[in-house]
Undergrad: 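Sharing a structure here in structure tokens format.
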2 protein chains.
Amino acid sequence: MNIGQAGERAGLPSKTIRYYEDIGLIKPLRDANGYRAFRESDIHKLTFLGRARALGFTIEDCRNLLALWEDTGRASSDVRAIAKEHLQQIETKISDLQNMQRTLSDLVRDCAGDDRPDCPILLQLGKAT
Amino acid sequence: MNIGQAGERAGLPSKTIRYYEDIGLIKPLRDANGYRAFRESDIHKLTFLGRARALGFTIEDCRNLLALWEDTGRASSDVRAIAKEHLQQIETKISDLQNMQRTLSDLVRDCAGDDRPDCPILLQLGKAT
DNA sequence: CATAGGGGTTCCACTCACTGGAAGGTCAAT
DNA sequence: ATTGACCTTCCAGTGAGTGGAACCCCTATG
């Protein structure tokens with residue numbers, strides 16, 4: 001299977017797949033003409049990667065998860081640790097963003113948004129310490 | 001005022017301030033010895049930038065906001081539009097992250113996290129389409 | 001006066017996870 | 001023979017800095 005079709009099946013652009021090979025996440029075979037030849041196992045890995053990335057795991061997380069995935073004797077606690085750590089980071093990010101959201105929506109609410117120059121948003125951003 | 005003290009006052013590392021000069025956000029004067037010489041107005045701008053960045057505005061947003069800030073005749077609607085757009089993006093990001101959080105916390109909850117290899121997290125990531 | 005240290009300067013490389021584009025090779029169909 | 005869709009590699013850029021090397025400057029102390 002060529003890269004285009006592999007991308008179709010895994011839901012990833014060809015560019016991304018080449019990149020994943022570049023950084024050693026997958027190792028497709030090569031045809032005589034130099035084209036990458038994807039096996040079912042490669043597609044499966046790519047799909048796995050797509051899902052993990054969609055959940056926001058970093059590439060390094062994905063590398064580790066993939067290794068655990070292939071290690072049928074792994075302990076589920078290893079996987080869980082990575083996921084929990086990541087979940088923690090997501091939660092931190094959410095709360096940071098919610099803080100921004102609160103501040104910003106207050107400012108937007110208080111700004112008339114008309115032709116006059118008075119603007120609490122700029123006022124707040126520029127206020128002396 | 002030298003860059004170190006300017007950074008202290010604005011709450012930004014020197015490196016970041018040099019970078020902001022590089023991309024044209026600020027234009028500090030220079031002393032005879034080549035050192036940057038920061039005026040009060042530069043400090044004020046840097047503080048503004050620090051606040052805007054902390055609210056997650058992009059550098060380009062900051063550039064626009066700074067221009068509006070310096071234009072005393074601006075319309076508050078211009079500022080409000082940028083802020084609203086940004087708020088929208090923050091809200092999208094929050095909801096994306098909340099989706100990830102839900103999925104991941106379900107998976108983490110269902111994973112025993114012991115020495116056994118069975119792991120719903122990997123199972124879910126690798127499931128055939 | 002020499003030197004040590006703590007500033008400052010520039011420039012280059014690296015981060016993360018791709019993405020875009022150029023220049024060129026391959027394949028199937030017309 | 002040629003078109004057009006695929007494939008290949010390699011190089012550069014994204015955003016917003018950060019780290020480090022190599023070097024200059026200023027002040028204080030022995």
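Lettering follows sequence order; numbering is per chain, from 1.
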Undergrad: Does CZ belonging to A:R116 count more than 12 external heavy atoms closer than 6.0 Å?
TA: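 Not more than 12 within 6.0 Å, no.
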Undergrad: Do NZ/NE/NH1/NH2 and the carboxylate oxygens of B:D96 and B:K93 come within less than 4.0 Å?
TA: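 Looking at B:D96 and B:K93, the cut-off is not met.
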Undergrad: B:E21 and salt bridge (Lys or Arg N to Asp or Glu O under 4.0 Å): which single residue from B:R30, B:K27, B:K15 fits?
TA: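 Looking at B:R30, B:K27, B:K15, the match for B:E21 under the salt bridge (Lys or Arg N to Asp or Glu O under 4.0 Å) is B:R30.
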Undergrad: Restricting both atoms to N or O, compile the protein contacts to nucleotides 24-27 of chain D shorter than 3.5 Å, with distance only.
TA:
residue, atom, partner, partner atom, Å
D:dC26, OP1, B:N33, ND2, 3.2

Undergrad: Is there a donor-acceptor pair closer than 3.5 Å between any side-chain N or O of A:R53 and the backbone N or O of A:F57?
TA: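 Side chain of A:R53 to backbone of A:F57, a donor-acceptor pair under 3.5 Å: yes, one is there.
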Undergrad: Return the orientation label for the B:H44 and B:W69 ring planes: parallel under 30°, perpendicular over 60°, tilted otherwise.
TA: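 Taking B:W69 first and then B:H44, their aromatic rings stand perpendicular (interplane angle over 60°).
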Undergrad: Can you tell me if the side-chain N/O atoms of B:R30 get under 4.0 Å from OP1 or OP2 in C:dT10?
TA: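 B:R30 to C:dT10 OP1/OP2: side-chain N or O found under 4.0 Å.
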Undergrad: Would one find more than 12 heavy atoms of other residues, nucleotides or ligands at under 6.0 Å from atom CD of B:E8?
TA: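 No, the 6.0 Å shell around CD holds no more than 12 heavy atoms from other groups.
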Undergrad: In whole angstroms, how far is the C1' atom of D:dA5 from the CD atom of A:Q5?
TA: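 Spelled out: CD on A:Q5 to C1' on D:dA5 is 14 Å.
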Undergrad: Is A:D115 atom CG crowded by more than 12 heavy atoms from other residues, nucleotides or ligands, each under 6.0 Å away?
TA: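 For A:D115, atom CG is not crowded (no more than 12 foreign heavy atoms under 6.0 Å).
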Undergrad: Please state how far atom CD1 in A:I17 lies from atom C1' in C:dG20, giving the value in whole angstrom units.
TA: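 Spelled out: CD1 on A:I17 to C1' on C:dG20 is 17 Å.
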Undergrad: Check the interface with nucleotides 16-21 of chain D: list each N/O to N/O pair with the protein under 3.5 Å, or write none.
TA:
residue, atom, partner, partner atom, Å
D:dA16, OP2, B:I59, N, 3.3
D:dA16, O3', B:R53, NH2, 3.4
D:dG17, OP2, B:Y20, OH, 2.7
D:dG17, OP2, B:R53, NE, 2.7
D:dT18, OP2, B:T16, OG1, 2.9
D:dG19, N7, B:K15, NZ, 3.1
D:dG19, O6, B:K15, NZ, 2.9
D:dG20, O6, B:K15, NZ, 2.3

Undergrad: Rounded to the Å, how far apart are A:D22 CG and C:dT19 C1'?
TA: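 Checked: the CG to C1' distance equals 13 Å.
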Undergrad: Is it the case that the side chain of A:R63 and the backbone of A:I23 share a donor-acceptor pair, with hydrogens and angles ignored and the cut-off at 3.5 Å?
TA: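 Indeed, once roles are kept as given, a pair shorter than 3.5 Å links the two residues.
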Undergrad: Can you check whether A:R36 has a side-chain N or O nearer than 4.0 Å to OP1 or OP2 of D:dC7?
TA: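 For A:R36, the contact criterion (side-chain N or O under 4.0 Å from OP1 or OP2 of D:dC7) is not met.
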Undergrad: To the nearest angstrom, how far is A:F38 atom CZ from D:dC6 atom P?
TA: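 Value for this atom pair: 15 Å.
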